[in-house]
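Heavy atoms only: backbone and side chains are in, while hydrogens, waters and symmetry mates are out. Fair warning: this is a prediction, and the values are worked out from it, not measured in the lab.
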Amino acid sequence: MRDHARRAAPSSVPPASAFSGAQPVRGDWQTVSRLLPYLWAWRGRVLFALACLVAAKLANVGVPLVLKAVVDALDTPEAAARAAIAVPVALIVGYGLLRLSVSLFTELRELVFSRVTHEANRTIVLQVFRHLFDMSLRFHLDRQMGGMTRDIERGSQGVSSLISYTLYSILPTVIEVSLVIGYLFWHYESSFGFIALSALVVYVIYTIRVTEWRTHFRREMNEQDSRASTRAIDALINYETVKYFGNERFEAERYDAELRKRMRAAVRSQASLSLLNFGQATIIAVAVSLLMWRAVAGVMSGEMTLGDLVLVNAFMIQLYIPLNFLGVLYREIKQALTDMERMFRLLTEKREVADAPDARALAVGRGPEIRFERVGFHYDAARPILHDIDFVIAPGTTTAVVGASGAGKSTLARLMFRFYDVSAGRILVDGQDIRAVTQESLRSAIGIVPQDTVLFNDTIRYNIAYGHPEASREAIEQVTRAAQLHDFIEALPQGYDSPVGERGLKLSGGEKQRVAIARTLLKNPPVLLLDEATSALDTRNEQAIQQALRAAAAGRTALVIAHRLSTIVDADQILVLEAGRIVERGTHDALLEAGGVYARMWAAQAAGELAA
């Protein structure tokens, strides 16, 4: 048996299962701790980037010191007469080299660390993507896809933002502030250092307090943004339904209501930001004014040189810009952490259906035996779906399941694929409990033609080849002929490269169903699940497809879920479900002779066809 689903995952990507038992992320430090392993995997580049960062800041602080030396060298009685030789050339050269060094080390840091950022981002997003496919069908049915994709998108941006702001802005600012304050304490009166340090402390406390206060405004804005995105995507996906009922204005009004909520949240967020920015500017202005006043007083008293005044002013100019943006950066970092938390929370979602620790690959032949032993199932404990289902599909035979809508027919297919685990009993494939084998190997052994076929927004060739991505052109054309689809495709202007549109909406229901049949035939699995496989076909095509499906099922084990009883008269066994229980079983002729539920269904359908 070919196992097309098996692909070697990148070695740098830990398996999503490693996170299935993780605890929920709580707080910023927990979020950061989740990120650190991804960065530490590139520890060599990280350490080199940090070394470049420190070197750049040392050079940056050295620039005002050289400028002070130049000014002091010129500030002498003889300076005007001997300016050409009094100003040391080495100082000018050193000044230029320090300026160049700042740029050199900064660019080196960004060049070296760029790959770390992108690799960490790629690995995390890929891990979330894989983990979402490991979640059960119940998880996805309970989620709104628009909001979840926005969470992933913002979380991805949050990773890049956090790394960028921390390494390129916050950490350099902390290093530079520490160097400047240390220099002021060491070389001047302690008042200089105390003014700068006090201003920094007040600035940080004010920034943190106000930012924490306004964080919930930003979170509210994000939540409203996700709701608006979900509303828009849901309406656009259901474009045809909206047009059928003429509800364009209704959907626009619903979307506008969400946009208005987002707008109000954004206005509140901006108002709180303005308050934060004004307070920060006030603290910086007061600190700079006090330092310049002390420097001017020192020069006038002779305690400081003109170069010292220039030095203090240069220090303040260098610190003013990063300090002015420190609040913005802190807010962005907090937002990045919030966005990352929402994305990491997806990784902490526990899988309802998981492989057992000792799970092994399913071992099957061409037509395995399938056995349902006293299977019970419920989505909700208060509403059981299946009761004590017990039957065997002999190797290489076809079993059909019929019954009214809601009887539990499609649930059997979902249990076979382990989209859910049974609530009671067990399902065996060639004597192997499907809960004891890997889901990957189980699903690679089963091919399904669903009643509602949803296609990828790609070409017809891509959608057919999805059953076996490595298949040759000849193999693809062979299965399309079997599915009565080849002539239709060849008649299209772009042939097999024709796009099918979102969810395959450019194709009719019958055409989509034939694409589904073709890709299942291409997969060539030992087990076939046909869930109303010909429900969207006309009578002529249905008969041709039925022949193709019967040929495909030959030698394989098949479970057919049918509404039209005429399509399953040749089944080796027919099960009649009613309210989640098997009420009759047997061949078509035997069930007609019994005169029970199946016979009444057959008579009702026959009468309906005659009336039509």
Side-chain angles (χ1 to χ4, degrees), residues 25-33 35-36 50 53-54 56-57 60-61 154-155 157-185 191-223 265-292 312-313 315-342:
V25 179
R26 296 188 181 91
D28 296 341
W29 287 113
Q30 285 82 354
T31 303
V32 172
S33 69
L35 176 62
L36 289 178
L50 291 176
L53 185 153
V54 174
K57 285 305 156 187
N60 202 38
V61 171
R154 282 199 299 260
Q157 294 173 350
V159 171
S160 298
S161 298
L162 179 65
I163 295 173
S164 176
Y165 292 140
T166 301
L167 187 70
Y168 300 159
S169 300
I170 297 297
L171 190 55
T173 300
V174 170
I175 292 175
E176 189 167 2
V177 167
S178 300
L179 291 173
V180 169
I181 291 178
Y183 185 89
L184 293 177
F185 268 117
S191 58
F192 283 87
F194 279 121
I195 291 173
L197 182 60
S198 299
L200 178 64
V201 171
V202 172
Y203 185 94
V204 170
I205 292 175
Y206 175 81
T207 298
I208 292 176
R209 290 286 179 85
V210 176
T211 302
E212 290 290 346
W213 165 70
R214 67 178 300 273
T215 295
H216 76 278
F217 293 122
R218 185 63 181 264
R219 282 181 175 167
E220 181 184 358
M221 185 178 70
N222 278 350
E223 290 173 1
V267 169
R268 287 194 293 268
S269 178
Q270 182 58 48
S272 61
L273 174 61
S274 298
L275 176 63
L276 173 65
N277 289 341
F278 181 76
Q280 292 168 339
T282 301
I283 295 170
I284 291 174
V286 171
V288 171
S289 299
L290 288 175
L291 284 172
M292 292 306 297
V312 172
N313 183 62
F315 273 158
M316 291 304 101
I317 290 175
Q318 283 189 186
L319 292 183
Y320 175 80
I321 295 178
L323 278 178
N324 188 48
F325 285 100
L326 188 62
V328 177
L329 294 173
Y330 179 77
R331 186 195 76 237
E332 292 299 327
I333 287 176
K334 288 289 293 183
Q335 182 57 42
L337 288 168
T338 300
D339 293 339
M340 288 168 57
E341 179 184 351
R342 292 175 69 94

All side chain to side chain contact (heavy atoms under 4.5 Å, CB included) counterparts of Val201, not counting sequence neighbours:
Leu197, Ile205
Looking at every non-hydrogen atom in both residues, tell me the closest pair between [X] and [Y] and how far apart they are.
X: Met221; Y: Ala265; value: CA-CB, 3.7 Å
X: Leu275; Y: Tyr206; value: O-OH, 3.0 Å
X: Leu276; Y: Thr207; value: CD1-CA, 4.0 Å

Arg209 meets the salt bridge (Lys or Arg N to Asp or Glu O under 4.0 Å) criterion, sequence neighbours left out, with none
Pairs flagged by salt bridge (Lys or Arg N to Asp or Glu O under 4.0 Å) wherever residues 268-287 is involved - sequence neighbours left out:
Glu220-Arg268
Residue pairs, two or more places apart or on separate chains, that pass salt bridge (Lys or Arg N to Asp or Glu O under 4.0 Å) and touch residues 271-288
none
What residues, two or more places apart in sequence or in another chain, satisfy ring pair (Phe, Tyr, Trp, His ring centres under 6.0 Å) together with Phe185?
Phe194
